[in-house]
Amino acid sequence: MVTLVPGDWLTSQWAFWPVFHFQGKSFAILVIPLILGLRLTIFRQAPRLVYRRLAKQFVWLAVAAAVLCGWAAVRPQDSPYLLIVLLVGYAVILWRAKRYDERQQFWYSQVDDGVRVLAIRPQTPAVKMDLAAGDIILECNHRPVNSETSFYEALLANPAYCHLRVRDMNGELKMTETAIYSGAPHEIGIVLFRDQEG
């Protein structure tokens, strides 16, 4: 990002600094390498709640940015420092969100050995199976599963019956089963962590 800093603060500090003159005023040319596409991936919380919390914090950052822009209009020589303050504020907000996410339980994370249950739809066969959000389905109809696709393939092996081997949030293994009396196997009522796009 190329920024024009009015005044002679930069050139008074470093004589070699490039200067641009326009209508009798001098502007120092400041190039800021913005490799700040800080990636934030949420694994353990509902994304809607995370984005709502982040939105509130970014509103406060925007208010601070407006105040700092007013300050920069009065004291243009402070512009580089104010920009750094805003960038640090942005990074701190994302860092705190990531740290908060790391302290949450693994309800919304992908796993390597099975597929995670995100929710159980009411009034479906899954209600009778004593499953809970956060459980990991390891086997379906005696076949190992590691994705939503492999789960439904195993379920189709016996579309009238479902036998699951599950590890709960405490790490304990349990077996559960139910008959699927009506509807297709995909109507069993288990909402799974979706396959990641490759």
Side-chain angles (χ1 to χ4, degrees), residues 1-5 10 29-73 75 78-122 126 129-140 144-152 164-174 189-198:
M1 182 175 78
V2 178
T3 306
L4 299 178
V5 180
L10 287 174
I29 300 172
L30 181 63
V31 179
I32 303 171
L34 286 184
I35 310 175
L36 283 180
L38 297 178
R39 181 177 169 186
L40 177 67
T41 305
I42 299 300
F43 287 114
R44 306 182 189 187
Q45 306 168 76
R48 182 177 52 203
L49 300 177
V50 175
Y51 297 140
R52 190 177 302 152
R53 191 179 308 116
L54 281 176
K56 290 178 183 176
Q57 295 176 7
F58 281 128
V59 165
W60 284 110
L61 185 65
V63 169
V67 170
L68 293 178
C69 283
W71 179 280
R75 289 184 49 94
D78 292 343
S79 296
Y81 298 119
L82 301 177
L83 182 61
I84 290 170
V85 167
L86 289 177
L87 293 175
V88 168
Y90 173 73
V92 166
I93 288 173
L94 293 186
W95 177 78
R96 288 182 63 209
K98 187 69 175 170
R99 291 277 305 190
Y100 181 81
D101 186 59
E102 289 171 356
R103 291 193 302 267
Q104 304 306 304
Q105 293 183 340
F106 284 93
W107 283 32
Y108 294 92
S109 64
Q110 190 177 24
V111 291
D112 296 325
D113 59 339
V115 62
R116 189 173 299 277
V117 176
L118 291 184
I120 303 297
R121 292 192 179 99
M129 301 183 77
D130 191 31
L131 296 173
D135 286 350
I136 299 170
I137 300 173
L138 302 171
E139 292 180 3
C140 176
V145 296
N146 57 14
S147 68
E148 184 184 32
T149 303
S150 62
F151 171 77
Y152 284 111
L164 299 179
R165 182 170 170 255
V166 179
R167 184 171 63 236
D168 66 17
M169 292 287 288
N170 299 318
E172 297 179 7
L173 294 176
K174 62 182 178 182
I190 301 174
V191 180
L192 302 173
F193 191 96
R194 301 300 298 266
D195 293 353
Q196 294 293 307
E197 298 294 330

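The figures that follow rest on heavy atoms only: side chains count, while hydrogens, waters and symmetry mates do not.
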Please tabulate, for side-chain N and O atoms in residues 58-70, each donor-acceptor pair with protein atoms closer than 3.5 Å (sequence neighbours left out).
none

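The distance from atom CG of Asp113 to atom CD of Glu139, rounded to the nearest 0.5 Å, is 11.0 Å. Rounding to the nearest 0.5 Å gives a distance of 13.5 Å between CD1 of Ile93 and NZ of Lys56. In this structure, CG on Asp135 lies 11.0 Å from CE on Met129, to the nearest 0.5 angstrom.
Scanning both residues, Ser147 and Val115, for their nearest heavy atoms gives C-CG2, 4.0 Å. The minimum heavy-atom distance linking Ile137 with Phe151 is given by the pair CD1-CE1, 3.9 Å. Shown here for Gly114 and Ile136, the closest heavy-atom pair between the two residues is CA-CG2, 3.9 Å.
Residues passing the salt bridge (Lys or Arg N to Asp or Glu O under 4.0 Å) test with Arg75, sequence neighbours excluded: Asp78.
Of the residues Ile190, Asp168, Leu164, the one that meets the side-chain contact (heavy atoms from CB on, under 4.5 Å) test with Val117 is Ile190.
At distances below 3.5 Å, not a single donor-acceptor pair connects side-chain atoms of Arg167 with backbone N or O atoms of Leu173.
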